[in-house]
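Input: a single structure, listed below in C-alpha cells.
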Number of protein chains: 2
Amino acid sequence: MSQTISLLPVTDVTACCSPLTRETLTAANADDLARSLKALADPTRLRLISIVAASEGQEACACDLTEPVGLSQPTVSHHLKVLVDAGFLSRTQRGTWAYFALVPGALDSVARLLVSA
Amino acid sequence: MSQTISLLPVTDVTACCSPLTRETLTAANADDLARSLKALADPTRLRLISIVAASEGQEACACDLTEPVGLSQPTVSHHLKVLVDAGFLSRTQRGTWAYFALVPGALDSVARLLVSA
DNA sequence: GCTCTATATCGATGGATGTCAATATCCTCT
DNA sequence: AGAGGATATTGACATCCATCGATATAGAGC
C-alpha cells in the first residue's frame with residue numbers, strides 16, 4: 001500500500017529506493033524525493049527545523065517560533081504545515097498551544113538517499 | 001573570501017556551519033543551504049544526477065541525457081546548468097560534446113548538514 | 001455564554017520556476 | 001569558407017509558491 005498517493009511521509013519515500021548515486025531513479029521515485037526536498041528547500045523552514053531541534057526535547061511551541069523568523073503568524077503557520085505534511089515535524093496540541101517536534105530519523109533518512117556510500 | 005556572493009558552490013555552503021540539528025541556523029546560512037537544496041528539489045534534476053552517477057566514471061555526455069528524461073533539449077540544458085552552478089555537477093567540453101560529471105563529495109556534504117549525528 | 005488568546009484558513013498578489021519553440025553559438029569536417 | 005550537428009541562450013507563457021491582511025476556529029477562564 002501507499003505507493004501512488006500524493007501525500008508522502010518521508011519515511012515512505014526513503015523506504016522506496018537505494019541512494020541516488022547507486023542506480024538510476026525511476027520517474028516516480030524522483031518525484032517523491034523531489035517533493036521531500038522541496039519541503040526542506042526554503043530558508044524559513046530550515047530555520048524552523050533548526051530552532052525546533054535546538055529546543056528542549058526537540059520540541060517547540062508555535063508561539064515561540066513566529067518571532068525568531070521575523071515573519072507573520074499566518075506565514076509561519078503555513079510553513080509548519082508544510083513540514084508536518086512532509087513528515088519532518090509532528091504536531092501536538094496541548095491546550096491552546098500547538099507544539100512541534102522533530103520526527104526522529106526523518107532528516108536522516110532523506111540524507112541517506114543523497115549520500116553515496 | 002566568498003561569503004556574500006550569491007553564487008554558491010556547495011563546498012562553500014557546507015564548510016560554513018554545523019549540522020541543521022546541532023545549533024540554530026543563521027538567516028544567511030539558511031539561505032545558502034536552501035539554495036543548494038532547491039537545486040536538488042526537482043525530479044528531472046534528480047534523475048539527471050542519478051543517470052550521471054550510474055554512468056562510466058560518473059560522467060555522461062549531454063547527448064545521452066536528453067532522451068531518458070523525455071524533455072526538450074533546451075530544458076535539459078537548463079537543468080544541467082542549474083546543477084553545475086550549484087556545484088553538484090562539473091562540465092567538460094570535449095570537441096562538440098559536453099560531458100557532465102558528479103562533483104565528488106558535493107552530495108555528501110549537503111547530506112551531512114541534514115543528518116543529526 | 002462571552003471574551004480573550006492562540007492557531008489555522010482564505011483570498012489576493014508579486015515573484016520565482018519549469019517548459020518549449022526559435023535562435024544563436026561553437027566545434028568539426030570537408 | 002561553408003555546412004552540419006551539438007549545445008546554449010532568449011523570450012514567452014503557465015504554473016507554482018512565499019507572503020500578507022483579514023477572517024475563522026478552537027480552547028481557557030470568567
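Every chain is numbered from 1, with letters handed out A, B, ... down the list of sequences.
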Any donor-acceptor N/O pair, A/R35 side chain to A/A86 backbone, under 3.5 Å = no
Only one of A/D85, A/V84, A/L83 forms a side-chain contact (heavy atoms from CB on, under 4.5 Å) with A/K81, so which one is it?
-> A/D85
Please list, in 5' to 3' order, the outermost nucleotides of DNA chain C lying under 4.0 Å from any heavy atom of chain B.
-> C/dT17 to C/dT28
Please tell me which of A/K38 and A/A62 maps to the more 5' nucleotide of DNA chain C, matching each residue to the nucleotide holding its nearest heavy atom.
-> A/A62
Rounding to 0.5 Å, atoms CG (A/L40) and CG (B/L40) come to a distance of 10.5 Å
Identify whether any heavy atom of B/Y99 sits under 4.0 Å from a base atom; if not, whether one sits that close to sugar-phosphate; answer base, sugar-phosphate or nothing.
-> nothing
Please walk me through it: do A/T75 and A/V69 pass side-chain contact (heavy atoms from CB on, under 4.5 Å)?
-> CA-CA 10 Å; A/T75 300; A/V69 299; over 6 Å; no
Does any N or O in the side chain of A/S109 come within less than 3.5 Å of the main-chain N or O of A/G105, such that one atom is a donor and the other an acceptor?
-> yes
Spacing of CG belonging to A/D64 relative to OH belonging to A/Y99, to within rounding of 0.5 Å = 8.0 Å
Tell me, with the steps shown, if A/R112 and A/D108 meet salt bridge (charged side-chain N to carboxylate O under 4.0 Å, His left out).
-> CA-CA 6 Å; A/R112 209 173 307 126; A/D108 299 281; 5.7 Å; no
Could you go step by step and tell me if B/V115 and A/L107 meet the side-chain contact (heavy atoms from CB on, under 4.5 Å) rule?
-> CA-CA 6 Å; B/V115 94; A/L107 282 171; over 6 Å; no
A/S55 (side chain) donor-acceptor with A/A60 (main chain) under 3.5 angstrom = no
Ignoring hydrogens and geometry, is there a side-chain-to-backbone donor-acceptor pair from A/E59 to A/C61 under 3.5 Å?
-> no
Along DNA chain D, 5' to 3', what are the outermost nucleotides having an atom less than 4.0 Å from a heavy atom of chain A?
-> D/dC17 to D/dA28
Pick base, sugar-phosphate or nothing for A/H78, based on heavy-atom distances below 4.0 Å to the nucleic acid.
-> base
Taken to the nearest 0.5 Å, the spacing of A/L25 CG from B/L48 CG works out to 11.0 Å
Between B/T96 and A/D42, just flag the one whose closest nucleotide in DNA chain D comes earlier from the 5' side.
-> B/T96
Tell me, which of residues 65-74 of chain A have any heavy atom that sits under 4.0 Å from an atom in DNA chain C?
-> A/Q73, A/P74
With sugar-phosphate meaning primed atoms plus P, OP1 and OP2, does B/R94 contact a base, only sugar-phosphate, or nothing at under 4.0 Å between heavy atoms?
-> nothing
